[in-house]
Amino acid sequence: MKALIQHEFGDSHVLQLAEVETPIISEDEVLIKTAYTSVNYADIKSRKGKKGKGRFPFTLGLDAAGTVVEAGESSVFSAGDRVIAFPIGGSYAEYVKAHKQLTFKIPESLSFEQAAAMPTVSILSHILLHEIGQVKNSDTIVVHSGAGGVGSMLVQFAKLAGVKTVIATVGNLSKGDYVKRLGADLVCTYDTFSEEVLQMTNGRGAQVIFDSVAGEVTTASMDCLGLYGTLVQFGNSSGSAGHFKTSDVHSSCRNVKGFSLGTTRKHRPDMLAPAAERMIELFATGKVTLPIAKVFDLSEAKQAHDLIESREYEGKVLIKASK
């Protein structure tokens, strides 16, 4: 089969299309013919070596949508099932294997394109909003990187859940209209959001802030997080660590929570099924959509990564893995 592999860390040129062996599955796994896979910012970090050491060669990719071609004896799947999955060993490939606990059936009404766009960003967003952030209808929340994949989902899910005020941040206000169409009540830049949040809340601050940027954005977030508020930290796309002092939290009764979908896939895979089932229902019925920014062929992965790094896109970038 064809797959994208890399033998070293570096820029997008390290992604090489190659012929490799089709995965062999165990009784707990399924083999899937990949229709589409999404490109996530975590892929960029992994390609550059910013998510730890890599065992070369390796294949990038967190999630995939496609058709089961072989199912292990202990799984509930059959050949022909349409699924989404978090594959073992990457998803930029014509065929992938996945553990049965990280594979979920999808209905005919859900296109492979939308299905491929949703797994990482929608399941993560649902867990962040309802389980980690425990957002209430009366809350004012801040969603950083509102035009990105996770941000797009958090804004839509928050409004769907009836959250009173959703404030989103973007790197460039040219993306403001897009984020407002998703449901944001106010869109700010990273430079001004802290002041605008305090102004909009009459100085009280936000109840929950979702931070995937870190760096200086974390500091500014603490400046506008209200009493008893929660900062949910789930990434550092800025490339810099965020900082806060213990005195920032104890006297104000505020708290900081961290979450990683990768850690949860590895150590608590059972935690994902309820969120996955809910997300599949919402996408299949059209209650939630995720715009597709662009679709690239497997041979065009370099261009897909370049687009992600440019940040000049809205929604999700996909790779079409098979004809």
Side-chain angles (χ1 to χ4, degrees), residues 1-8 10 12-44 46-47 54-72 75 77-108 110-121 123 149 262 265 276 280 290 292-308 316-323:
M1 70 170 188
K2 288 184 172 62
L4 280 158
I5 61 173
Q6 65 181 89
H7 295 272
E8 61 182 329
S12 58
H13 289 91
V14 302
L15 300 174
Q16 302 291 324
L17 189 63
E19 287 285 343
V20 300
E21 294 293 324
T22 301
I24 298 172
I25 64 169
S26 72
E27 64 175 17
D28 293 328
E29 297 169 347
V30 294
L31 181 66
I32 301 163
K33 183 177 182 182
T34 312
Y36 295 88
T37 179
S38 71
V39 182
N40 294 282
Y41 198 80
D43 299 344
I44 309 299
S46 294
R47 191 199 74 218
R55 294 181 62 184
F56 298 110
F58 66 82
T59 296
L60 293 172
L62 299 178
D63 50 32
T67 306
V68 173
V69 293
E70 185 183 350
S75 81
F77 299 95
S78 303
D81 286 343
R82 302 172 81 252
V83 296
I84 55 171
F86 295 105
I88 300 163
S91 60
Y92 292 14
E94 290 181 318
Y95 292 88
V96 298
K97 70 175 182 177
H99 193 275
K100 61 184 182 182
Q101 279 191 300
L102 295 174
T103 304
F104 310 96
K105 291 182 182 179
I106 60 172
E108 292 287 342
L110 181 58
S111 72
F112 278 136
E113 291 93 333
Q114 272 293 296
M118 59 160 285
T120 295
V121 294
I123 293 171
R265 288 198 308 269
I280 290 166
L290 186 50
I292 308 300
K294 194 163 183 179
V295 179
F296 294 88
D297 286 333
L298 197 58
S299 61
E300 300 172 319
K302 174 192 175 299
Q303 292 96 309
H305 274 229
D306 290 344
L307 178 58
I308 293 286
K316 288 296 292 182
V317 175
L318 302 182
I319 291 175
K320 187 175 182 180
S322 57
K323 303 297 183 185

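Along the sequence shown, the residues carry numbers beginning at 1.
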Correct closest heavy-atom pair for A117 and L290 would be O-CD2, 3.4 Å
For a quick test of reading the model, state the closest non-hydrogen atom pair linking K316 to G149 and the distance between them.
CD-CA, 4.1 Å
Please test L4 against Q6 for side chain to side chain contact (heavy atoms under 4.5 Å, CB included), starting from the C-alpha separation and ending with a verdict.
CA-CA 7 Å; L4 280 158; Q6 65 181 89; over 6 Å; no
Under the side-chain hydrogen bond (donor to acceptor under 3.5 Å, both in side chains) rule, collect the residues that match up with T120, sequence neighbours excluded.
D63
How would you list, by chain and number, every residue that makes a side-chain contact (heavy atoms from CB on, under 4.5 Å) with E113, sequence neighbours excluded?
Y36, S111, L318
Okay, side chain of R82, backbone of G66: is any donor-acceptor separation there less than 3.5 Å?
no
Exercise answer: donor-acceptor pairs, residues 14-23 side-chain atoms, under 3.5 Å, sequence neighbours excluded:
from	atom 1	to	atom 2	distance (Å)
Q16	NE2	H13	O	2.8
E19	OE2	K2	NZ	3.3

Could you work out, with salt bridge (charged side-chain N to carboxylate O under 4.0 Å, His left out) as the rule, every residue matching E27, not counting sequence neighbours?
none
Can you name the ring-ring contact (aromatic ring centres under 6.0 Å, His included) partners of F58, sequence neighbours left out?
F56
What's the shortest heavy-atom distance between A85 and I32, and which atoms?
CB-CD1, 3.6 Å
Output all residues satisfying side-chain hydrogen bond (donor to acceptor under 3.5 Å, both in side chains) with K302, sequence neighbours left out; order by chain, then residue number.
D306
Supply the atom-to-atom distance L31 CG to I24 CD1, rounded to the nearest 0.5 angstrom.
10.0 Å
Return the set of residues passing side-chain hydrogen bond (donor to acceptor under 3.5 Å, both in side chains) with K97 (not counting sequence neighbours), or none when no residue passes.
none
To the closest 0.5 Å, what do you measure between OG (S38) and CE (M118)?
10.5 Å
Does K105 have any side-chain hydrogen bond (donor to acceptor under 3.5 Å, both in side chains) partners at least two apart in sequence or in another chain, and if so, which?
none
Of all residues at least two apart in sequence or in a different chain, which pass the side-chain contact (heavy atoms from CB on, under 4.5 Å) check with S75?
V30, A71, F77, K100
Tell me the closest heavy-atom pair linking A304 and I319, and the distance in Å.
CB-CG1, 4.4 Å
Which heavy atom of M1 sits nearest to which heavy atom of A93, and what is that distance?
CE-CB, 3.9 Å
Considering residues at least two apart in sequence or located in another chain, which fulfil the side-chain contact (heavy atoms from CB on, under 4.5 Å) criterion with S26?
D28, E29
Quick one: does any side-chain atom of S322 pair with a main-chain N or O of T34 as donor and acceptor, under 3.5 Å?
yes
Among residues at least two apart in sequence or on other chains, which ones pass side-chain contact (heavy atoms from CB on, under 4.5 Å) with A115?
A65, I84, I106, L110
Please list all pairs meeting side chain to side chain donor-acceptor pair (under 3.5 Å) that have one or both residues in residues 85-95, counting only residues at least two apart or in different chains.
T37-S91, D43-Y92, Y92-H305
Correct closest heavy-atom pair for G90 and V96 would be O-CG1, 3.6 Å
Please examine the side chains of L307 and F296, heavy atoms only from C-beta on, and report whether any two atoms are closer than 4.5 Å.
yes
Reported CG-to-CG distance for the pair N40 and L62, which is rounded to 0.5 angstrom:
5.0 Å
